[in-house]
Amino acid sequence: QQASKSVDKYALYVPKNGVFPRGFQVGSTASGVKKNGNLDLGIIRNTNTSRPAAAAAVFTTNKFKAAPVVVSKQILEDKNGTGINAIVINSGCANSVTGEVGIEDAKKLISHVDSKLGTSMSTLPMSTGVIGQRLHVNKISKGIDEIFDNNKFGSDFQSWLDMAKSICTTDTFPKLVTSRFSLPNGEKYTLTGIAKGAGMICPNMA
Amino acid sequence: TLLGFIVTDLPIKSSALKSILTHATNRSFNCISVDGDMSTNDTICMIANGAVETKEIDETSQEYVQVQNQVTEFAQQLAQLVVRDGEGSTKFVTVKVQNSLTFEDAKIIAESISNSLLVKTALYGQDANWGRILCAIGYAKLDNLKSLNVDKINVSFIATDGSEPKELKLVVNGVPQLEIDEARASEILNLNDLEISVDLGTGTEEAQFWTCDISHEYVTINGDYRT
């Protein structure tokens, strides 16, 4: 076991550079929800205005769906998968099993981001962390202000890596993958993905 | 909890994006297991902002299948990173179930093996415990037993480092190999990446799951998560 444990997963699996899709910016900060002062809030926004963005999502099939799942699902249905321009993700508190107040808290955060973007119903919320605790709306709202007011958005590698770090909980390394592909007509496009997850992992999403 | 998003600068019609993401998820994020638990928050979102100046892709576009396959492979990379983390895991294990009568049965069996705590602890302890793998196949929640034939089943460990012999047969046509080369078993199980191969011999469908071992570290991390 000693040999296995000595593997440095961060060095092995975290990229040191990357290419990223046009028209997206990411920003992150430590809002104070995580007690250790680590990054715990990230926002991705679409800055492309040439045409409306399309969005889709798959969600847990757990019968007890957390507030952000309920709210995101509703927004996607209401907007028919178009005009989604931002995702706000907090880590440290899952906003799960929090009832009506949890739904209201999630809506407060997305309204806050929407107002910063000058849009409405164009933001999806996601949360991860401890179940059964109320979201720290004040701390996260201040974090949203900090990201927008200090323009902490960027499209460089470090900004994307910090975004990946901001959504981690017990993860031992941030998960960021990015690749560029060519279409038959020669046009190039890019996929960038960020994920978090280490435990409570056997998803069945639909 | 699994959270994630994939963004692209391609223009994709929302209905096509939905089907691409569903296709990709069913072959990636829905095929991983660290501990068998499902969160209340699992979400994967995809946004296509259309910043690339090209015709919008819909379900009838000639590029549709290509993009769907590329997103699927991409999602598999991202999903596999979650398993590689695994809260203290030391092994990344591909469970491949082949020659099943149906894809659904292959997937259910692969998931059953991937979720077995005793298979996962055996992997951590580098024990070639084929009995636990057979046991997990036997209690897999199949609708019926048409994909299972005890006289045709084969179970092997597969080395992924290029060493030979690549395959260590544990069960051949339903017969346990009692004279297993324990030295070779130790070598394969000492690898960080390995594969469990199950050949059902009842059809042509196959499915893969990605799982990891369960270590002491997992208990340490999760014993005081809330406090």
Side-chain angles (χ1 to χ4, degrees), chain A residues 1 4-5 7 9 13 21-24 46 48 50-51 53-60 62 64-66 69 80-82 84 87 89 94 96 124 126-128 130-131 167 170-173 175 177 179 181 183-184 187 189-205, chain B residues 1-15 17-18 21-22 25 29-30 32-52 54 62-63 66 70-71 74-75 77-79 81-82 84-87 90-91 115 190 192 218 221-222 225-226:
Chain A
Q1 291 307 310
S4 300
K5 283 176 181 171
V7 170
K9 292 183 181 180
Y13 304 122
R22 283 166 268 183
F24 286 103
N46 168 33
N48 178 55
S50 65
R51 47 184 143 195
V58 287
F59 301 103
T60 182
N62 191 312
F64 297 120
K65 290 174 176 53
V69 170
N80 203 20
T82 57
I84 303 299
I87 307 173
I89 311 177
S96 177
L124 301 180
M126 291 188 198
S127 297
T128 179
V130 179
I131 293 174
I167 71 172
T170 52
D171 302 55
T172 59
F173 61 89
K175 294 147 191 82
V177 179
S179 297
F181 302 93
L183 293 173
E187 284 286 351
Y189 80 95
T190 305
L191 289 171
T192 293
I194 284 176
K196 66 80 51 180
M200 198 177 271
I201 297 293
C202 188
N204 184 23
M205 298 176 289
Chain B
T1 294
L2 173 78
L3 287 187
F5 59 81
I6 297 170
V7 291
T8 182
D9 42 16
L10 261 186
I12 307 177
K13 193 178 174 185
S14 64
S15 59
L17 189 69
K18 195 173 177 180
L21 181 62
T22 301
T25 300
F29 296 105
N30 282 355
I32 62 172
S33 173
V34 170
D35 49 22
D37 272 9
M38 187 198 296
S39 168
T40 55
N41 291 54
D42 293 333
T43 303
I44 298 292
C45 180
M46 186 167 179
I47 297 180
N49 72 358
V52 172
T54 189
Q62 62 167 0
E63 301 91 349
Q66 178 195 333
Q70 286 168 340
V71 171
F74 185 86
Q77 280 184 56
L78 203 51
L81 285 180
V82 175
R84 288 192 182 280
D85 191 322
E87 293 197 332
T90 67
K91 308 255 177 266
N115 279 339
N190 195 38
N192 293 122
Y218 180 89
I221 290 170
N222 287 287
Y225 181 59
R226 194 183 69 89

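Naming convention: chains lettered A, B, ... in sequence-line order (proteins, then strands); numbering from 1 in each chain.
The CD1 atom of B:I32 sits 10.0 Å away from the CG atom of B:L81 when rounded to the nearest 0.5 Å. The distance from atom CG of B:D42 to atom OG1 of B:T1, rounded to the nearest 0.5 Å, is 6.0 Å. To the nearest 0.5 Å, atoms CE (A:M200) and OG1 (A:T60) are separated by 10.0 Å. Atom CE of B:M46 sits about 12.5 Å away from atom OG of B:S14, to the nearest 0.5 Å.
Counting heavy-atom pairs closer than 4.5 Å to chain B, the top residue among A:T82, A:L124, A:N80, A:N46 is A:N46. By number of non-hydrogen pairs under 4.5 angstrom with chain B, the leading residue of A:S96, A:P21, A:A94 is A:P21. The choice from B:I44, B:V52, B:L17, B:T54 that makes the most heavy-atom pairs within less than 4.5 Å of chain A is B:I44. The greatest number of non-hydrogen atom pairs below 4.5 Å with chain A, out of B:N115, B:T43, B:N222, is found for B:T43. Per-residue heavy-atom pair counts under 4.5 Å with chain A were compared for B:G36, B:S39, B:A75, B:P11, and the maximum is reached by B:S39. Between chain A and the options B:T22, B:V82, B:I221, B:L21, heavy-atom pairs under 4.5 Å are most frequent for B:V82. Comparing B:D85, B:L10, B:N30 by heavy-atom pairs within less than 4.5 Å of chain A, the highest count is held by B:D85. Ranked by non-hydrogen atom pairs under 4.5 Å with chain A, the options B:L2, B:N41, B:V34 are led by B:N41.
For the residue pair B:T40/A:N62, the side-chain donor-acceptor check at 3.5 Å is not satisfied. In summary, the side chains of A:S50 and A:N48 do present a donor paired with an acceptor at a separation below 3.5 Å, with no hydrogens or angles considered.
Of all the heavy atoms in A:I167 and A:K196, the pair that sits closest is O-CG, 3.1 Å. The two atoms that bring B:F74 and A:V177 nearest to each other are CZ-O, 3.2 Å, heavy atoms only.
Using a 4.5 Å cut-off between heavy atoms, B:I12 touches chain A through its backbone atoms (N, CA, C, O) alone. Residue B:T25 touches chain A through its side chain alone, counting heavy-atom pairs closer than 4.5 Å. In this structure, the portions of B:D35 lying under 4.5 Å from any heavy atom of chain A include both its backbone and its side chain. For B:Q70, the parts sitting under 4.5 Å from any heavy atom of chain A are the backbone and the side chain alike. Of the two parts of A:I87, only the side chain, counted from C-beta on, holds a non-hydrogen atom closer than 4.5 Å to a non-hydrogen atom of chain B. Contact of A:K9 with chain B is made through the side chain alone, with heavy-atom distances under 4.5 Å.
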Could you go through the side-chain contact (heavy atoms from CB on, under 4.5 Å) check for A:L183 and A:Y189 one step at a time?
CA-CA 8 Å; A:L183 293 173; A:Y189 80 95; 4.0 Å; yes
